[in-house]
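Here the structure is laid out as C-alpha cells; the discussion comes afterwards.
Every chain is numbered from 1, with letters handed out A, B, ... down the list of sequences.
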Protein chains: 2
Amino acid sequence: MATIHDVAERAGVSVTTVSRVLNNRGYISESTRSKVYQCMEELGYQPNEIARSLLKKQSNIIGLIVPNVSHPFFGELASFVEYYAYEHGFKMLLCNSHLDPVKEKEYIEMMRRNRVDGIIMGSHTLEVEDYRNLHHPIVTFDRQIDSEIPYMSSDNYRGGELATELLVKKDCKKIAHICGNLELDLLANQRTQAFQDVVSRHEVEHLIVQTDMNVFDQQQYERIIAELFREHPDIDGVFATSDIIAAYVVQHCYKLGKRVPHDIRIVGYDDVSAASWVVPSITTIQQPIEEMSKQAIELIRGQLAEETIRMANILPVTLIERGTT
Amino acid sequence: MATIHDVAERAGVSVTTVSRVLNNRGYISESTRSKVYQCMEELGYQPNEIARSLLKKQSNIIGLIVPNVSHPFFGELASFVEYYAYEHGFKMLLCNSHLDPVKEKEYIEMMRRNRVDGIIMGSHTLEVEDYRNLHHPIVTFDRQIDSEIPYMSSDNYRGGELATELLVKKDCKKIAHICGNLELDLLANQRTQAFQDVVSRHEVEHLIVQTDMNVFDQQQYERIIAELFREHPDIDGVFATSDIIAAYVVQHCYKLGKRVPHDIRIVGYDDVSAASWVVPSITTIQQPIEEMSKQAIELIRGQLAEETIRMANILPVTLIERGTT
DNA sequence: TTTGACATGTCAATCGTTTGACATATACAT
DNA sequence: ATGTATATGTCAAACGATTGACATGTCAAA
C-alpha cells in the first residue's frame, strides 16, 4: 500500500509538505495542495492510522465488552454505542464474553495491549480488584465497582417496583420473579430487591427463580419456566428480568392453555424492540438504551479530556403497558 | 503505560532480552525469564500492539460492516463472526452502515486507514467499482460482485422455493411476498425470483411488496403491512423475507382478527432465535448463520495466506415448519 | 585445550507518520 | 532597500517494538 513517501515523490514535493496538506498546518499553496490530493487519489493512498496512533499515543478505538451481541438488549446497546462513538471519531471494537471470566479477562488485556482509548464493560464476571488495577478510562454498565470507576445504569430499583406494583394492582395473587444470576454483582439485582419489598409490603404470595450464568440460553429458559409452572401451576403473575424471558413465559403459557393476560399477567424488562412486535405485545420496563449508550461515550470522553465526571449515572425508567397485563 | 524499556530496566537486562522472552526466540535462562515475567507483572506491562502492528504490517483486526447489529439476523451474524475471529487471534471492528452509502464508504476507508487484515461486508449500497478498487482481503455477504471477490451466501433461490412451495401446498389462494429493496443488488433477491417462478408455475394469485432502504424500521413495516391488507384483505398466505417482518405480519393479523395459521399462513426467513420464541412460532427458512460466519473468517484467512479460495460459497438452507403454517 | 552450546549484550535499522527547528526563496508592501 | 507574509525544503527525533549481525562471556564435554 502507498505511503506518504510515495505520494510525496509522485507529487514532486517533500514528505513534510504532504504531511502539512494532510494535517492542515503551516502554509500551503492551492496548487500544491490540489496536486497532492490528486496524487493521493491516483495512488489510492490512505494514511496509516497505526503509525499515527503510535505517535499520538491514542488509537481512537473504544472497546465494548458484552455477554453477547446476539441478545437483543446488547445488540441495541452495541448499535447505539457504535453510533455515538463514530460521531466522535471513535471506532468500536466488540467482544462477546459469553460471561466467561477467562474470556473477559483476556479481552480486557487485549484491549490494553491495543491501547484502546476507553473500555465500556457490559459484562461483569470479574472481581472488583481486577477493575481497580486497570488504570484505563472505563465505564461499567449496570455495575458499581467503587467510587473511582464511573458507571452507567438506569433506575433498577424503581423498575422492579413499577413492574411488581403493576402486577399487585392488577390483583395477582401469586407472583413469580425470574431474575438473572444473583451471584453476579449487578445493579440489576436491585430489581429483585424491589420485587421482594413490594410483595412483602402487600403481603402477596411470591417466589423467585434465578437463571444460570449463561446468557440467552434458550433451552435453559424453557427448562426453568417449565419447572416453575410444574411446581406452581397457580401462578397468576410473572415479573421477568428481560423481555426475552417474558416472551418465553408467554409461549409456555400458550402451550399450557393459560390465557394472557386473562389468566396470568406478565411483565418483562428492557423494552427491546421485540417486546413491541410479539403477540401479545409485552408490558415492560423501558430502559433508555440510547441515552445510556450516548452517556457512556461521554463518560469515556470526559476521562480522556481529564475532566471531572460524575461516577453514578442513573437514568429513569418508564413503565410501558402493553398486551400481557 | 510501561514500555519494554521500563521492563528491561527494572529486570536489569537489555531490551533485546525482554523481547526474546516475549517472543520465545533465542536462548533465555529460566531465571531471567521468570525475572522478566515478574517485572512485567509488577509494572502491569502489556506489549504495545500498535507498535507491533506497524512493524509486522498486520493489525490482526477484521472489520465487519452490517446495516445494523440491532437487527437480530446481523446480531447473530456479528456474534459468530466475532467468535471465530477471536479463535484465530483476530479482533473485530464493528460498523453499522444503516444502509447509508456515504457511511458505508467512510467505514471502508476508515478500515483501510486502520489497515484491517480483512473486511467482511454485510451491507451493500455501493457500486461494483467501489469494491474492485479496494485491493484488500474482503468477503461479501449475500452479494456477488465479480469473479475476483469471494462471497458467502446461502441458497436463496432454494429458500424462496421452499417457502413458496409450502404455502402453495397448504392450499393458499392468494399469496403476498414482502421482500427487501430490489434495487440493492443482493443475492437475497433470488428469493423473490423463486417466489415468482413457483406461483407462476402453479398459477396462484400473488403480489409482491418491497420495503424501503431502511433496515429494521418498525413503523415502515407496520405501514406497508397495513396497506397490504387494506388493499388485499383476501390474502391467505405471506412469504416474508425476514422473520421480523413475518412477526409484524402475525401481529397485524392478530389485530385484524385473522387466525394464524387457520385463516392465513405465514413463512419467514433466516430462523433467528426470535422465530422460535414468539407465539405462534414462525415457520421459516433457516440460514446456517454460524457456518456462514465461520467460513467468512476462513475466506479472509485464506486470502491472507495467499491460498486460492473458492469465490462462490453457498450453503444449503432448511425449511423449519412451525406454528404459522 | 579446544569446541560448541548456552546466555546475554550492543548497535542499528525498520515500520509510517508527525513535528519542531531551521534554511531558503519569492512576492509584495512600505 | 527592508521587512514580512507566504511557500517549501532539509533534517532529525520520536512513538514502541522486532530483528539480524555481531561481540563477549561462562561452562561443560571431548
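- With sequence neighbours excluded, the residues satisfying salt bridge (Lys or Arg N to Asp or Glu O under 4.0 Å) with A:Lys105 are A:Asp130.
- Under the salt bridge (charged side-chain N to carboxylate O under 4.0 Å, His left out) criterion, the residue pairs touching residues 25-34 of chain A are A:Glu30-A:Arg33, with sequence neighbours excluded.
- Phosphate proximity of D:dT18 to B:Arg25: absent, as no side-chain N or O sits under 4.0 Å from OP1 or OP2.
- Under 4.0 Å is where a charged nitrogen must lie from a carboxylate oxygen, and between B:Arg112 and B:Glu109 no such pair does.
- In this view, A:Phe80 satisfies the ring-ring contact (aromatic ring centres under 6.0 Å, His included) rule with no residue, not counting sequence neighbours.
- Listed by chain and residue number, A:Arg301 satisfy the salt bridge (Lys or Arg N to Asp or Glu O under 4.0 Å) test with A:Glu298 (two or more places apart in sequence, or in another chain).
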With the sugar-phosphate defined as primed atoms, P, OP1 and OP2, and the base as all remaining atoms, what B/S/- string results for nucleotides 4-17 of chain D, 5' to 3', for protein heavy atoms under 4.0 Å? -SBBBBBB--BBBB

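- Summarising the geometry, the separation between CG on B:Asn24 and C1' on C:dA7 is reported as 15 Å, rounded to the nearest angstrom.
- Taking the charged nitrogens against the carboxylate oxygens, A:Glu148 and A:Arg132 have no contact shorter than 4.0 Å, which rules out a salt bridge.
- Classification of B:Glu49 and B:Arg52 as a salt-bridged pair holds, one side-chain N sitting under 4.0 Å from a carboxylate O.
- For the residue pair A:Lys91 and B:Asn114, a side-chain donor N or O sits within less than 3.5 Å of a side-chain acceptor on the partner.
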Read 5' to 3' with Watson-Crick or G-U pairs under 3.5 Å, [ ] for crossing pairs and | for partners on another strand, DNA chain D gives ||||||||||||||||||||||||||||||

